[in-house]
Amino acid sequence: MTHSLLINKCLISGAPVFKVLDFGQHPYADTFVNENQLNLSEPIFPLQVYLNPETGSVQLAYLSNAEERYNLYSYSYTSSNSNFSRNHWDKYASTLIERFNPKGLVIEIGSNDGYLISKFREKSLPTLGIDSSGTMCELARASGQPSMHAVFTQSIAKEIKDKDGLACLVMANNVFNHANNPVDFARGVRDLLSDDGVFVFELPYWADSVSSGHLDQVYHEHISYFTVKSSWYLLASAGMQMIDFDIVNYHGGSLRVFAKKGIATAIPAKIESAIEEETKSGLFSIEFYKGLQRALIERRNQWLLQFYSLLAKEPDAVIIGVGAAAKANTWLNWHGLTGMHLKCITDSSEFKQGKYTPLSRIPIFGDEVFADYEKPYALILSWNISEPLKEALKKINPNVRFLSQ
């Protein structure tokens with residue numbers, strides 16, 4: 001029987017945490033259901049966010065089993081699933097190669113289908129990918145990328161170190177925030193790094209998520225929601241120091257952090273300034289989140305009012321969701337939308353087509369389905385790439401109409 005564990009302490013310091021957001025009951029957001037699994041019920045847990053103001057830790061209250069999250073159902077997300085993604089990872093690789101000129105072992109934690117780490121292998125560098133999804137490891141190995149199927153921990157790091165030695169570069173993109181024990185994760189990275197090695201991680205930036213109002217990136221697979229402040233304290237607790245960061249245009253705004261081994265004697269000015277800005281914006285204030293929760297509920301209610309008004313005027317309207325992303329599942333379930341409301345959802349990934357969204361059970365097809373209807377509505381769920389999606393859909397059906405979230 002699947003279950004979640006209530007954690008009422010800071011994942012960085014062990015100090016008390018306080019509930020600041022509640023999204024109700026949700027399934028795993030990155031789970032997509034095969035047709036032969038429609039007779040089963042997927043696990044559903046409370047989706048609640050807690051805060052520790054001192055460390056800046058923004059985290060889930062209920063933690064699920066990490067192995068189960070990625071293997072109970074066949075994992076479907078691939079990091080190379082779109083031109084936008086591939087271009088981002090191409091630029092990411094070239095940036096790190098130019099800045100750090102790696103000469104030894106390069107490791108990627110959360111290597112997915114192996115697209116990014118392969119860019120370093122192409123430079124004749126020894127590489128190793130680590131991923132919690134057996135399906136993704138098989139894909140990576142099929143392309144020639146050495147991959148280890150494991151949920152990364154400090155003990156896994158020891159296995160790698162004993163077998164492959166130390167790494168000059170360790171990457172962890174959109175995976176550090178998946179760790180049930182982020183301090184153990186960071187200590188594992190520290191143990192893998194050579195003395196002059198660099199740790200680079202990237203993930204959605206909580207400050208951008210909050211300021212944009214797009215909180216659909218809150219889901220069970222994302223245990224922690226990173227700020228510059230929480231990154232600083234988390235790394236310090238593991239015997240590492242944050243040396244720099246960038247804000248990049250990915251996933252609607254991502255934080256890219258650079259770190260190395262050792263304890264810092266002072267906080268660099270750039271990092272200190274960013275923490276001050278985060279504090280001023282209210283990210284570590286319990287009162288701030290009370291207002292945010294009210295605003296989220298009001299926004300949802302207003303959207304549903306307009307949506308049902310549209311259905312009342314056009315009862316035969318064909319409404320198709322666009323983008324079967326994990327964030328889409330949070331948004332759909334927060335709004336209570338199902339296959340009763342949407343004809344289907346489209347996605348470019350062959351690993352998602354033919355499956356169904358979790359809990360809402362909406363079938364997933366390719367974008368070409370838009371050609372089957374005269375004047376369909378498109379509800380863009382992957383809002384971070386909305387413009388290229390709109391352009392592509394207009395080519396398939398020039399009569400398509402768009403609904404905003």
Side-chain angles (χ1 to χ4, degrees), residues 5 7 9-15 17 30 50 52 55-60 62-71 75 79 105-112 116-117 128-133 136-137 147-162 164 166-167 169-194 197-206 219-243 245 254-263:
L5 178 66
I7 301 294
K9 62 182 181 180
C10 176
L11 292 173
I12 298 174
S13 68
V17 287
D30 242 340
Y50 278 51
N52 177 268
T55 63
S57 179
V58 179
Q59 61 188 64
L60 293 189
Y62 291 87
L63 304 190
S64 54
N65 181 278
E67 182 68 31
E68 180 185 274
R69 286 199 297 266
Y70 306 102
N71 297 285
Y75 192 60
S79 55
L105 176 63
V106 177
I107 293 175
E108 184 184 11
I109 305 165
S111 51
N112 198 260
L116 172 61
I117 190 73
L128 175 66
I130 307 159
D131 203 273
S132 55
S133 166
M136 292 301 113
C137 286
S147 297
M148 178 182 189
H149 178 210
V151 174
F152 185 77
T153 61
Q154 191 173 15
S155 63
I156 292 294
K158 185 179 186 307
E159 287 182 33
I160 296 167
K161 179 181 174 182
D162 291 345
D164 299 293
L166 296 174
L169 175 63
V170 175
M171 302 175 292
N173 304 302
N174 303 303
V175 67
F176 202 176
N177 49 336
H178 291 232
N180 279 13
N181 188 335
V183 174
D184 178 83
F185 187 108
R187 286 173 177 159
V189 172
R190 178 201 63 197
D191 293 348
L192 276 177
L193 282 176
S194 60
V198 180
F199 174 37
V200 185
F201 67 86
E202 181 180 298
L203 28 66
Y205 184 29
W206 183 242
Y219 43 83
H220 292 302
E221 290 87 342
H222 285 175
I223 309 304
S224 301
Y225 300 85
F226 279 66
T227 59
V228 175
K229 180 177 181 177
S230 67
S231 300
W232 174 267
Y233 281 101
L234 173 54
L235 289 165
S237 70
M240 299 184 73
Q241 56 183 300
M242 182 175 170
I243 56 175
F245 73 90
S254 288
L255 175 66
R256 183 182 295 170
V257 173
F258 303 87
K260 64 181 183 180
K261 294 165 71 168
I263 303 298

Subject >> Residue list, ring pair (Phe, Tyr, Trp, His ring centres under 6.0 Å) with Tyr225, at least two apart or on another chain >> reply: Trp206

**OP:** Please identify each residue that fulfils ring pair (Phe, Tyr, Trp, His ring centres under 6.0 Å) with Tyr219, with sequence neighbours left out.
**Re:** His222

**OP:** Could you go through the side-chain contact (heavy atoms from CB on, under 4.5 Å) check for Leu234 and Phe176 one step at a time?
**Re:** CA-CA 11 Å; Leu234 173 54; Phe176 202 176; 3.6 Å; yes

**OP:** Check side-chain hydrogen bond (donor to acceptor under 3.5 Å, both in side chains) between Ser147 and all other residues, then give those that pass, not counting sequence neighbours.
**Re:** none

Original post:
Can you name the closest pair of heavy atoms from Ile117 and Ile107 and give their distance?
Top reply: CD1-C, 4.2 Å

**OP:** Tell me, please, which residues at least two apart from Lys260 pass salt bridge (Lys or Arg N to Asp or Glu O under 4.0 Å).
**Re:** none

**OP:** With sequence neighbours left out, write down each residue that passes side-chain hydrogen bond (donor to acceptor under 3.5 Å, both in side chains) with Lys158, or none if nothing qualifies.
**Re:** Asp162

**OP:** Please identify each residue that fulfils side chain to side chain contact (heavy atoms under 4.5 Å, CB included) with Ala150, with sequence neighbours left out.
**Re:** Ile130, Met148, Ile156

Original post:
Heavy-atom distance under 4.5 Å between the side chains of Asn173 and Glu108, does that happen here?
Top reply: yes

Subject >> Beyond-backbone contact of Gln154 with Arg190, side-chain heavy atoms, under 4.5 angstrom >> reply: yes

**OP:** State which residues pass side-chain hydrogen bond (donor to acceptor under 3.5 Å, both in side chains) with Asp184; sequence neighbours excluded, sorted by chain then number.
**Re:** none

**OP:** Give the minimum heavy-atom separation between Ser111 and Asp131, together with the two atoms involved.
**Re:** N-OD2, 3.3 Å

Subject >> side-chain hydrogen bond (donor to acceptor under 3.5 Å, both in side chains) involving Thr153 - partner list, sequence neighbours excluded >> reply: Ser155

Original post:
Hey, does Ser224 have a side-chain heavy atom less than 4.5 Å from the side chain of Phe226?
Top reply: yes

**OP:** Could you tell me whether the side chain of Phe201 reaches within less than 4.5 Å of the side chain of Leu235, counting heavy atoms only?
**Re:** yes

Subject >> Partners meeting side chain to side chain contact (heavy atoms under 4.5 Å, CB included) with Ile7 (sequence neighbours left out) >> reply: Leu5, Lys9, Leu11, Gln59, Leu63

**OP:** Using side chain to side chain contact (heavy atoms under 4.5 Å, CB included) as the criterion, list what pairs up with Ala179, not counting sequence neighbours.
**Re:** Phe185

Subject >> Counterpart residues, side chain to side chain contact (heavy atoms under 4.5 Å, CB included), relative to Phe258 (two or more places apart) >> reply: Leu96, Arg99, Phe100, Val200, Ile243, Asp244, Asp246, Arg256

